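Predicted, not measured: the structure shown is a model, and the values here were computed from it. Within every chain, numbering begins at 1; the chains are lettered A, B, ... in the order of the sequence lines, protein sequences first and strands thereafter.
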Number of protein chains: 2
Amino acid sequence: MLEARLEQANLLKKVVDAIKDLVQDCNFDCNDSGIALQAMDNSHVALVSMLLRSEAFNPFRCDRNIALGINLGSLTKVLRAAQSDDILTLKAEDAPDVVNLVFENSASDRISEYDIKLMDIDQEHLGIPETEYAATITMPAAEFQRICRDLTALSESVSIECTKEGVKFSCQGDIGSGSVQLRQHTNVDKPGENVEIDLSEPVSLTFSLKYLVNFCKASGLSDTVKLSLSSEVPLLVEYGLSNNSYLRFYLAPKIGDEE
Amino acid sequence: MLEARLEQANLLKKVVDAIKDLVQDCNFDCNDSGIALQAMDNSHVALVSMLLRSEAFNPFRCDRNIALGINLGSLTKVLRAAQSDDILTLKAEDAPDVVNLVFENSASDRISEYDIKLMDIDQEHLGIPETEYAATITMPAAEFQRICRDLTALSESVSIECTKEGVKFSCQGDIGSGSVQLRQHTNVDKPGENVEIDLSEPVSLTFSLKYLVNFCKASGLSDTVKLSLSSEVPLLVEYGLSNNSYLRFYLAPKIGDEE
DNA sequence: TCTTCCTCAT
DNA sequence: ATGAGGAAGA
């Protein structure tokens with residue numbers, strides 16, 4: 001059986017919020033190392049990969065591998081019932097029909113409990129190769145979100161160009177064009193505002209802003225975001241969570257004339 | 001060419017916000033004395049006149065007269081990309097296709113740059129006669145905004161009556177009637193709260209509240225607003241900016257039975 | 001598409 | 001503390 005207690009129901013809430021527009025139904029794969037999720041969006045352009053390691057829970061218990069096929073719309077409805085400081089416990093049997101969510105408000109003596117019916121979902125398990133990326137940019141998540149939102153006003157796609165000098169997000173649209181350039185900088189006092197670039201080779205790729213804006217819903221999960229790029233390989237947008245857990249999005253570049 | 005650097009991108013942002021609901025497209029007329037704008041609203045009831053003198057910029061350079069025909073919706077989208085403390089530089093060639101806006105974050109490892117395509121706009125240059133007004137009221141901009149908003153709840157139009165005693169804003173509507181009276185008063189300690197009346201002849205005129213509320217979006221630009229009235233002449237609502245720059249709105253009075 | 005909630009700015 | 005704007009949900 002699975003029993004996983006999360007001090008902050010909010011974490012799961014935010015995670016689900018960030019991916020529910022990309023994926024409707026998906027498996028939460030539970031085993032003794034934690035809870036993982038991998039799914040492609042309907043158009044197979046984007047991929048979500050989440051890992052909540054067992055250390056993120058306290059306690060965490062999962063005797064054998066369980067796949068919880070959950071409709072994220074249903075999960076969202078239930079999670080909306082959680083106060084932000086509630087403690088959430090996920091429970092499931094070994095061959096479950098339902099997953100059970102218990103919300104405890106630490107202060108009060110209020111306990112809410114929900115069961116969500118599970119579904120069978122074809123497990124298209126996607127091996128994601130560990131790629132060595134040509135460029136990796138670490139920057140404030142809020143700033144990345146801001147840039148994507150600003151450029152969305154002008155165009156459907158953004159070109160991300162990374163050189164030793166810095167990173168440049170640019171786009172062209174009907175009303176004009178826009179670009180935002182960031183230089184690498186480090187300030188020990190404000191590590192959350194640092195822009196760090198790790199480059200082995202300059203890259204320039206174009207992506208759909210709609211998806212990037214969508215990914216940015218995860219900004220609340222982490223102060224910083226890591227963008228990893230290589231030519232002709234999907235962009236990796238990673239939000240690191242505590243305990244080495246993460247929420248990752250992959251997005252295939254637009255090619256050639258599509259730019 | 002034009003090159004104009006504005007320490008506070010916010011100023012332009014507020015100006016454009018205040019007029020974009022009245023005017024969709026208009027020319028920014030640039031010459032060595034600054035940047036000016038004049039436009040009537042679609043229904044030709046109201047007129048906007050803005051002047052940003054060259055002294056408001058640092059540096060300011062404009063070799064010859066350039067008319068930048070800009071869609072204010074597009075400009076709004078781009079200005080939304082400015083952080084509030086960004087420095088804005090406007091640039092344009094002598095016979096430009098685009099106007100270029102550069103936002104520098106003062107901390108500035110971030111530079112955003114936008115080009116907005118220009119349009120040809122028929123220059124209906126409106127000579128605005130310098131009128132001697134029968135009454136001029138200077139009052140806190142926030143108070144004028146409040147009055148207009150409050151009275152909007154009751155009626156579509158407001159009558160502004162100015163005598164030696166003071167100024168009275170009043171309206172009648174279906175649910176009842178309302179009025180706000182202000183007496184002239186001066187307090188050296190709080191000059192921003194003064195109400196000053198300069199009267200050569202009592203006047204009473206009626207105006208559309210919808211437009212006045214719209215003008216009041218400019219309240220953020222100045223602590224005080226100046227209302228100038230004369231019989232059968234458009235009301236002048238003026239927000240003074242630093243360096244003798246200004247944002248002025250003119251509104252034709254409602255006549256006779258329309259009240 | 002419209003309404004409501006939440007967040008940001010003043 | 002209040003008001004405005006943007007985002008999310010119905």
Short side-chain to backbone donor-acceptor contact, Asn243(B) and Ser245(B), under 3.5 Å: no
Check nucleotides 7-10 of chain C for protein N or O atoms closer than 3.5 Å to its own N or O atoms and list the pairs.
none

Side-chain touch Asp150(A)/Tyr114(B), heavy atoms, less than 4.5 angstrom: yes
Minimal non-hydrogen separation, Thr76(A) against Leu72(A), with atom names: OG1-O, 2.6 Å
Residues, nucleotides or ligands: over 12 heavy atoms within 6.0 Å of Asp174(B) CG: no
Letter per nucleotide, 5' to 3', of nucleotides 3-10 of chain D [B base touched, S only sugar-phosphate touched, - untouched; heavy atoms, 4.0 Å]: SS-SSSSS
Arg80(B): side chain to side chain donor-acceptor pair (under 3.5 Å) partners, not counting sequence neighbours: none
Among Val45(B), Leu47(B), Val23(B), the one residue meeting side chain to side chain contact (heavy atoms under 4.5 Å, CB included) with Met40(B): Leu47(B)
Side-chain donor or acceptor of Asn100(A) paired with backbone N/O of Ala92(A) under 3.5 Å: no
